[in-house]
Number of protein chains: 2
Amino acid sequence: MAADAYSLLRAEILSGELQPSERLVEADLTARLGVSRGAVRTALVRLQQEGLVEHERHRGARVRLVGEREAAEILEARMVLEGLAARHAAARATPEDVAGLRAILADMRERLDAGDLLGVSDRNAILHARLLAMAGHATVDRLVAGLRGQLVRFQYRTILVPGRSDRSFAEHTAIVDAVAAGDADAAEAAMLRHLGHVTQALRESPQRNSASTAAAPNPTAS
Amino acid sequence: MAADAYSLLRAEILSGELQPSERLVEADLTARLGVSRGAVRTALVRLQQEGLVEHERHRGARVRLVGEREAAEILEARMVLEGLAARHAAARATPEDVAGLRAILADMRERLDAGDLLGVSDRNAILHARLLAMAGHATVDRLVAGLRGQLVRFQYRTILVPGRSDRSFAEHTAIVDAVAAGDADAAEAAMLRHLGHVTQALRESPQRNSASTAAAPNPTAS
DNA sequence: GTCGACAAGATTGTTGACAATCGTTGCCGG
DNA sequence: CCGGCAACGATTGTCAACAATCTTGTCGAC
């Protein structure tokens, strides 16, 4: 029951249903989620520790708003961690793994040609997730999952930068090539280069504080 | 009060007073820490989310035991994150910062010559902490703090490897030199080299599952 | 002697009510 | 008209009791 409240709240925050800085009143959540107040409380504690909500004593919890500067920080951290994951993935990749990656790339290429940017973004997230899974590195997995959750507000921004999609595809191809070759150093370097460009694209992105009206369930930009 | 229980418990785990796999019975903690049960409960939830305790439903919480493999994973993650921090520190270092680092190094050299390995380990932790502070990177700071907490059981092991202290000092000197020169790439590389050697030393360390009888309040090995 | 069922104890999960605190509103004096 | 102030409503923090569940020890059957 407590885990339920946690999952529900987390999903609502990640999907954008709960806007940043929105107050999370325990009584409201209790009624809306149909769970007891204690469950809501522990869920909020967990989300706070996870960095998704902030909590002031006697003032309640609110959805945490990450600003541009912190977003850049988070992306930097993700960069080095996913670089590490790419290194491990390259060292452990089986032929089947590589085939899977190439299939995702081909799929991404199709969407790209069709102009389906949202589809590209989804394949993007899938590719990164697959690499993380291949790395078999539980700690990095956990850390990246936590960091990714805090970037929901920026997930669709970089894809929209003109010309970004093509460069992104080339970068992904380089990563997959390095992993396929079993070259750990090259894989890590390619991942760092890729996410470095994402950071740069995010910085140059003109619209700040986009209202983030709605969002798909699970994806992650890069 | 809740924060108190959290701090107290965290300190007891980090100091080694609470052994790994030891059961954390809510009633006992309530009596021993002098706080109410609700406070103990939220403290346990936070510690669980932080990865210091594990919790099974209806079976209670126990201090989490991290094995050799996971310790290596954590060190790898710390390695790339502290490398990032070293990069930032090199870019932002003021002359006062550099002087502070050199002072710590000199202090460490003295202890080393005096054979005070525990003192060396402390200065070690101080040096890493100072670098993290200089980086001004809140996200990396938070992540590293979380990771460091899970490695308490291994904190004094690497220092004891014969000849490790001297090499460690040389590595630290290289890091400080790079930071002093403002060379971000070199600083990151030096930090990666240093923590890579720590990982290696940990792997080669003969005694596994050392009982960890007691420990100083706060230090961290490297 | 060993296995399984069963009951007792211990421990956690949940609920509801009460106390403490914060923000706001309306009032009063200047 | 404006600033301070007191009371109120709303919300969170805390506590104690109860229910649910797991573990342990015991007994009986095979």
Side-chain angles (χ1 to χ4, degrees), chain A residues 1-67 142 149-150, chain B residues 1-67 142 149-150:
Chain A
M1 208 169 186
D4 234 22
Y6 169 72
S7 309
L8 287 174
L9 264 179
R10 187 183 152 89
E12 289 194 1
I13 293 176
L14 261 55
S15 73
E17 285 177 62
L18 292 174
Q19 303 258 336
S21 291
E22 181 167 349
R23 282 196 63 187
L24 298 175
V25 179
E26 295 178 359
D28 293 355
L29 300 176
T30 296
R32 196 154 56 77
L33 303 178
V35 299
S36 92
R37 213 184 122 201
V40 170
R41 264 181 97 75
T42 68
L44 288 177
V45 170
R46 289 178 71 177
L47 290 169
Q48 180 197 7
Q49 203 71 10
E50 200 171 333
L52 284 177
V53 311
E54 56 191 349
H55 192 98
E56 279 178 303
R57 188 180 170 84
H58 288 295
R59 241 178 265 190
R62 50 184 64 235
V63 180
R64 184 153 161 252
L65 170 75
V66 312
R142 188 163 45 87
Q150 305 183 18
Chain B
M1 207 166 187
D4 234 22
Y6 168 72
S7 310
L8 287 173
L9 264 179
R10 186 185 154 89
E12 289 195 2
I13 294 176
L14 261 55
S15 74
E17 285 176 62
L18 292 173
Q19 303 255 338
S21 291
E22 181 168 348
R23 282 196 62 188
L24 298 175
V25 179
E26 295 178 0
D28 294 355
L29 300 176
T30 297
R32 196 154 57 77
L33 303 178
V35 300
S36 93
R37 214 184 120 201
V40 170
R41 264 181 97 75
T42 68
L44 288 177
V45 170
R46 289 178 71 175
L47 289 169
Q48 180 197 6
Q49 202 71 10
E50 199 172 334
L52 283 176
V53 311
E54 55 190 350
H55 191 99
E56 281 178 303
R57 186 179 172 84
H58 284 130
R59 240 176 264 192
R62 50 184 65 234
V63 181
R64 185 153 161 249
L65 170 77
V66 313
R142 190 163 45 87
Q150 306 184 16

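All of these numbers come straight from a predicted model, not from anything done at the bench.
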Separation of A/E56 atom CD from D/dT11 atom C1', in whole Å? 14 Å
Options C/dT11, D/dC15, D/dT12, nucleotide nearest the side-chain atoms of B/S36: D/dC15
Tell me: CG of B/D28 to P of C/dA10, nearest whole Å? 12 Å
A/E22 and A/E17: which non-hydrogen atoms are nearest, and at how many Å? OE1-O, 4.3 Å
Taking all non-hydrogen atoms of both residues, which atom of A/R64 and which atom of A/G51 are closest, and how far apart? NH1-O, 2.9 Å
Of all heavy-atom pairs linking B/L33 and B/A5, the shortest is CD1-O, 4.4 Å
Starting at the 5' end of DNA chain C and moving along, which residue's nearest nucleotide shows up first, A/R37 or B/V25? B/V25
Salt bridge (Lys or Arg N to Asp or Glu O under 4.0 Å) involving B/R62 - partner list, sequence neighbours excluded: none
Atom-to-atom span, CZ of B/R41 to P of C/dT11 - whole angstrom: 14 Å
Which heavy-atom pair separates B/A43 from B/L9 by the least distance, and what is that distance? CB-CD1, 4.3 Å
Suppose we screen for side chain to side chain donor-acceptor pair (under 3.5 Å). Which residues come up paired with B/E12, at least two apart in sequence or across chains? B/R32
Round to a whole Å and report the spacing from CZ of B/R23 to C1' of D/dT24. 12 Å
Atom CG of B/D4 to atom C1' of D/dG13: distance rounded to whole Å? 15 Å
Atom CZ of B/R62 and atom P of C/dT11 are separated, to the nearest Å, by 13 Å
Counting primed atoms plus P, OP1 and OP2 as sugar-phosphate and everything else as base, spell out the protein contacts along nucleotides 19-25 of chain C at 4.0 Å heavy-atom distance: B, S or - for each nucleotide, 5' to 3'. --SSS--
Tell me the interatomic distance from B/H55, atom NE2, to C/dT12, atom C1', rounded to whole angstroms. 7 Å
Counting any heavy atom closer than 4.0 Å, what does A/L24 reach on the DNA or RNA strands: base, sugar-phosphate only, or nothing? sugar-phosphate
